[in-house]
Amino acid sequence: ITTVLVQFVFFAALLACPAESAKQRIKNILPFLIASMVVSIWPVWTIISAPQAFFLNIFHIPMLNSRWLYETNMVHDKIYLTFVAFTIPGYPQLAVIAFYLYGAMVFCRRKIKTINAHNTLLAALLALTFFIIAFIPPTMWKQYLAVPVPFIIISFAYPFFYLRRLAANDKPNRLFKIACILTGICAFSSVYYYFFALKRIPKVFRSQSWEPVRMHRISEDIAQRTKEPKLILTLAPLYALEGECDFYREFSAGSFVYRIADSLSGDEQEVVHAAGPETLRKLLKERRPSAIVLNVEFTSLEMPLFEMAVLPGGEDRWERINYTNGPVVYFKH
C-alpha cells in the first residue's frame, strides 16, 4: 500500500505539464483521474466491506510483527541498514555516476539550449520516491533498497542524452566521454564483485533444478502420500496448494500472523481467522491433520505444531520423511 505514493508523483507530474489553458490542463489529468477511480473501485469496496479486517491486516498486524522481529533481534536499524547498503559494491557505483552526470548537467546548463526539465525531474523523483517508500514500513529489509535501483538507472538517460547533444558535429565531447568511461568502469566493477551471480546462468537451461519445479515435485509427492481428507498442517501452505491439498486457513499467511496471533484479542483473531501457539490446541481438536510439513520456518515457531499434533500419541501414528533440501513431513498412517 505504500507504493500509492508513486500515484501522487505521476499526478503531480501531469499537473506540472505545460498547458496553454485550464481546459488543456484538465484534459491532461482527466484520463489519469478516471483510470485511477476505475481501478480503485474493487479495493475501496473491499475496505468498506471489512474495515476492521483492513485495519488489522494493513496496520496492526505489521506493527506487532515489527515488535516481534525487534524483540528477537532479527532486524537491523534502518539507518544502519542503509549505511551497509551504501558501502557494499553496487550502490556506491550508482552514487558516483549520479553525482557526475547531474553535476555535469548543472555545470553545463547554460550551454544546453533546450532541457525537458519536467521529464528529467520526474525520472529523478521516481527513484527518490521508491527510496522513501523503503523507509515507511515498520521494519526494513535490505531488498527494499533494491527497488529504487532500476529507476535510478533510468534517470541517467536524460543526463546522458543532454551531454551527448553538447557534442559538436555528433562527436562526443570530453564530458560525455568521461561519463561513458566512468559508467563502464562502474558497471564492470559491479559485475566483478558479483561474479558469483553469473555462475547461476547455466541453471537456466536445467529446468528440473528450478526452485518452483523442485517445490512442485515435492508437493505432488506429499499429496500422493497424504491420506484423506488431505488436510495439511504447515506454516508453508504453498506445499499444500501445489499438491492440491487442503490446509488450515489460519495459516494461509504462513508464520506472519501465526507468530503474533496470541497478541490479538479473541475478536480480532476471529476477524482475521488467526491462530497462535496458545490457540493451536483448540484448532487441532476440531480438525486433525492428515500430514504435517515442518522444517520450513524457525524451530521455535514450528515446535508447538510438532508437540501438539505428533507427540500426543493416541490413535494417530506418523511416518516421517525427510526431503533432500526440503521439508520434513509427518504422514498419518
Side-chain angles (χ1 to χ4, degrees), residues 1-19 25-70 75-86 88 90-95 97-99 101-102 105 115-159 253 256-257 260 272:
I1 196 171
T2 54
T3 54
V4 73
L5 286 177
V6 179
Q7 191 84 344
F8 291 110
V9 172
F10 277 110
F11 181 64
L14 286 172
L15 280 177
C17 279
R25 195 172 299 280
I26 292 173
K27 285 184 177 180
N28 289 344
I29 64 172
L30 194 58
F32 181 84
L33 291 175
I34 293 174
S36 298
M37 287 188 289
V38 170
V39 299
S40 298
I41 292 173
W42 181 77
V44 170
W45 177 80
T46 303
I47 293 168
I48 294 173
S49 301
Q52 187 181 4
F54 173 79
F55 174 80
L56 288 170
N57 279 295
I58 301 298
F59 299 105
H60 190 51
I61 290 175
M63 289 300 296
L64 290 175
N65 262 285
S66 175
R67 186 194 306 168
W68 183 88
L69 290 168
Y70 277 107
V75 290
H76 295 291
D77 178 75
K78 293 181 179 180
I79 302 300
Y80 171 76
L81 200 61
T82 305
F83 173 78
V84 170
F86 273 92
I88 60 176
Y91 253 115
Q93 285 91 328
L94 289 175
I97 297 172
F99 180 79
L101 288 178
Y102 284 100
M105 274 195 66
I115 296 181
N116 192 329
H118 176 264
N119 286 348
T120 307
L121 181 61
L122 175 61
L125 281 178
L126 279 176
L128 179 62
T129 301
F130 279 104
F131 189 75
I132 293 172
I133 288 171
F135 283 84
I136 295 177
T139 52
M140 184 178 179
W141 303 98
K142 188 169 63 175
Q143 58 265 30
Y144 290 6
L145 294 172
V147 180
V149 169
F151 297 94
I152 293 173
I153 296 172
I154 289 169
S155 72
F156 293 163
Y158 286 99
F256 189 76
V257 180
I260 55 88
V272 296

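Remember, predicted model here, so these are calculated numbers, not experimental data.
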> Do you know which two heavy atoms are closest between F156 and L94, and how far apart they sit?
Replying inline: CZ-O, 3.7 Å
> In Å, rounded to the nearest 0.5 Å, how long is the span from CD1 of I154 to CG of L122?
Replying inline: 10.5 Å
>> Tell me if the CZ atom of F135 is crowded by more than 12 foreign heavy atoms within 6.0 Å.
In response: yes
>> Less than 4.5 Å apart, side chain to side chain, heavy atoms only: is that true for T2 and Y144?
In response: no
> Which atoms form the tightest heavy-atom contact between P150 and V147, and what is the distance?
Replying inline: CD-O, 3.2 Å
>> For K78 versus P137, what's the shortest heavy-atom pair and its separation?
In response: NZ-O, 2.6 Å
> What distance do L33 atom CG and N28 atom CG have between them, rounded to the nearest 0.5 Å?
Replying inline: 11.0 Å
> Is there a donor-acceptor contact under 3.5 Å from the side chain of H118 to the main chain of A13?
Replying inline: yes
> Can you tell me if R25 uses its side chain to pair, donor with acceptor, with the backbone of C17 under 3.5 Å?
Replying inline: yes
> How far apart are the closest heavy atoms of S155 and A124, and which atoms are they?
Replying inline: CB-N, 4.1 Å
>> Distance check, rounded to the nearest 0.5 Å: Y158 atom OH versus L101 atom CG?
In response: 14.5 Å
>> I need the I34 CD1 to I29 CD1 distance, nearest 0.5 Å.
In response: 10.5 Å
> Minimum heavy-atom separation for L145 to L81, with atom names?
Replying inline: CD1-O, 4.2 Å
> Out of curiosity, L128 CG to I152 CD1, how far, rounded to the nearest 0.5 Å?
Replying inline: 9.5 Å
> Are side-chain heavy atoms of F10 and L126 found at a separation under 4.5 Å?
Replying inline: yes
>> Which residue is it: T82, I79, D77, V75? I am looking for the one with a side chain to side chain contact (heavy atoms under 4.5 Å, CB included) to M140.
In response: T82
> Between the main-chain N or O of V272 and the side-chain N or O of N57, is there a donor-acceptor pair closer than 3.5 Å?
Replying inline: no
>> How long is the straight-line distance from NE2 of H76 back to CH2 of W141, given to the nearest 0.5 Å?
In response: 8.5 Å
> With side chains defined as the heavy atoms from C-beta onward, is the minimum distance between I133 and V6 less than 4.5 Å?
Replying inline: yes
> Taking the six-membered ring for Trp, are F86 and Y91 parallel (under 30°), tilted (30 to 60°) or perpendicular (over 60°)?
Replying inline: tilted
>> Restricting to non-hydrogen atoms, name the atom on P62 and the atom on P138 that form the minimum distance, rounded to 0.1 Å.
In response: O-CG, 3.8 Å
